[in-house]
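Just so it is clear, the model here is predicted, and its values are computed rather than measured. The analysis underlying the following values was restricted to heavy atoms, covering all of them including side chains, and did not include hydrogens, waters or symmetry mates.
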Amino acid sequence: MADTLHFGRAAQRLDMLPASLGRHVRHLEEDLGTSLVARTTRNVALTDAGASLVEGARDLIDRADRLEREFRQMERARTPVLRVGVIDSVAAGLMPQLLPHFRSEHPGVRIELVEQKTIRLLPRLLSGRLDIAFVRPPEVQDSRLAFRLLFSETPVVALPTSHRLAGQATVHIAELVDEPLIVPDRGSRPHSHDLTIKLFLQSGFTARIAQVADEKQTIVGLVGTGIGIAIVPRWTSRLAVNGVRYVPIEIAPEAPSYRLSLSAAWLKGVRDGTRDQLMDTLERHLAEYAATA
């Protein structure tokens, strides 16, 4: 009311009828024993008492807001927060296994997950915006970061359910030679891109790239439309996409197996007890998690 000096507009802001707002103002004036609003047929204005009340009320609201913020900050200080960066396959496969174990052991810790590509997560570690990240270890590692190699993820091929190979228990790279492939852009996902290329090269073939896409969810969705097939980490199979089946790839014994390495990374020289607790839980269950990757 004090902001608009108009009963109709003020009532609209408050989602009430002007007559109802007018009654509330009159009741307040009766309780205080003074006139708060000077009304004429054309204008509405605050009296000196009304202006004084508004100033005091605004101060009370500001103080209440500050008090609320202070209590929220105090609560955050009492509740440890661990900011964890994850790539997409980790979000789908590792976190649903690790977080229940960690929370059962440390129920007072709040986990904030940030899902991004490795090239986006590492700068956030360096800037302090993340406490730990689960990433693909880069070929050239920043000396300011510590990397703990965990295990490698197994490649599988995502096929349309109508595909001639979808019913097989396994497939060999030789069976995929003439298939159109959907791969991620190497600039943003070099590890996933190279996974496809190297699997073909180590078997003596050349990958036939038909489509480039960025996100795993997009790639698998395109597979479901029949545009092509895609080689992805096994944890990607946890993404529920209609019309797609995931089949293990049979690698020849004489060929060097190429897998996607996964590492935990954090900023060197920074002590963090909560991060260490997460790593302790991870280390104790590492073999269990690796068996599903």
Side-chain angles (χ1 to χ4, degrees), residues 87-94 115-119 134-140 149-263 289-293:
I87 58 175
D88 48 13
S89 64
V90 170
L94 178 60
E115 183 179 341
Q116 262 296 353
K117 309 174 185 68
T118 295
I119 60 172
F134 295 96
V135 298
R136 305 291 181 211
E139 294 180 1
V140 179
L149 183 63
L150 302 175
F151 45 76
S152 295
E153 295 184 64
T154 304
V156 298
V157 59
L159 301 162
T161 51
S162 59
H163 195 279
R164 59 184 175 82
L165 301 174
Q168 296 187 183
T170 62
V171 298
H172 191 276
I173 288 294
E175 297 178 275
L176 306 176
V177 170
D178 295 324
E179 297 291 336
L181 293 163
I182 306 170
V183 300
D185 177 66
R186 194 180 191 283
S188 62
R189 295 183 182 271
H191 301 84
S192 295
H193 179 276
D194 290 351
L195 169 67
T196 299
I197 304 303
K198 290 183 179 180
L199 279 174
F200 276 83
L201 286 177
Q202 72 182 15
S203 297
F205 305 109
T206 300
R208 180 191 161 203
I209 298 175
Q211 178 70 48
V212 175
D214 204 12
E215 304 297 334
K216 289 281 194 326
Q217 188 80 40
T218 302
I219 289 172
V220 175
L222 290 173
V223 170
T225 67
I227 289 177
I229 67 172
I231 294 174
V232 296
R234 182 164 63 178
W235 273 338
T236 304
S237 64
R238 295 181 178 226
L239 299 174
V241 178
N242 291 330
V244 177
R245 184 169 187 272
Y246 301 87
V247 181
I249 298 172
E250 183 180 346
I251 308 239
E254 65 275 11
S257 177
Y258 182 77
R259 293 189 173 193
L260 283 172
S261 297
L262 181 69
S263 290
Y289 302 151
T292 69

Side chain of [X], backbone of [Y]: donor and acceptor closer than 3.5 Å?
X: Arg208; Y: Asp178; result: yes
X: Glu215; Y: Gln217; result: no
X: Thr170; Y: Glu250; result: no

Which heavy atom of [X] sits nearest a heavy atom of [Y], and at what distance?
X: Phe200; Y: Val177; result: CE2-CA, 4.1 Å
X: Val135; Y: Thr118; result: CB-OG1, 3.6 Å
X: Pro180; Y: Ala210; result: CB-CB, 3.5 Å
X: Pro233; Y: Glu153; result: CB-OE1, 3.2 Å
X: Ala92; Y: Leu239; result: CB-CD2, 4.3 Å
X: Ile229; Y: Leu176; result: CD1-CD2, 3.7 Å

Any heavy-atom pair between the side chains of [Y] and [X] that's under 4.5 Å?
X: Glu179; Y: His163; value: yes
X: Val223; Y: Val241; value: no
X: Glu115; Y: Ile87; value: no
X: His172; Y: Ile249; value: no
X: Ser261; Y: Leu149; value: yes
X: Gln202; Y: Leu199; value: yes

Using side chain to side chain contact (heavy atoms under 4.5 Å, CB included), reason through Leu159 and Tyr246 one step at a time and then give a plain yes or no. CA-CA 6 Å; Leu159 301 162; Tyr246 301 87; over 6 Å; no

Go through Val90 and Leu262 one step at a time and tell me if the side chain to side chain contact (heavy atoms under 4.5 Å, CB included) criterion holds. CA-CA 9 Å; Val90 170; Leu262 181 69; 3.4 Å; yes

What is the distance from atom [atom1] of [X] to atom [atom2] of [Y], rounded to the nearest 0.5 Å?
X: Thr196; Y: Ile182; atom1: OG1; atom2: CD1; result: 10.5 Å
X: Trp235; Y: Lys216; atom1: CH2; atom2: NZ; result: 12.5 Å
X: Thr292; Y: Leu94; atom1: OG1; atom2: CG; result: 7.5 Å
X: Thr206; Y: Leu181; atom1: OG1; atom2: CG; result: 11.0 Å

Given the options Arg189, Arg238, Lys117, Asp88 meets salt bridge (charged side-chain N to carboxylate O under 4.0 Å, His left out) only with Arg189

Could you check Ile231, Ile173, Thr236, Leu260 and say which one makes a side chain to side chain contact (heavy atoms under 4.5 Å, CB included) with Pro155? Ile231

Side chains of Arg136 and Ser89 only: does a donor on one sit below 3.5 Å from an acceptor on the other? yes

Residues His193, Asp185; criterion side chain to side chain contact (heavy atoms under 4.5 Å, CB included); working and verdict: CA-CA 7 Å; His193 179 276; Asp185 177 66; over 6 Å; no

Start with the C-alpha gap between Val247 and Val156, add the side-chain angles, then the distance that decides, and say whether side chain to side chain contact (heavy atoms under 4.5 Å, CB included) holds. CA-CA 6 Å; Val247 181; Val156 298; over 6 Å; no

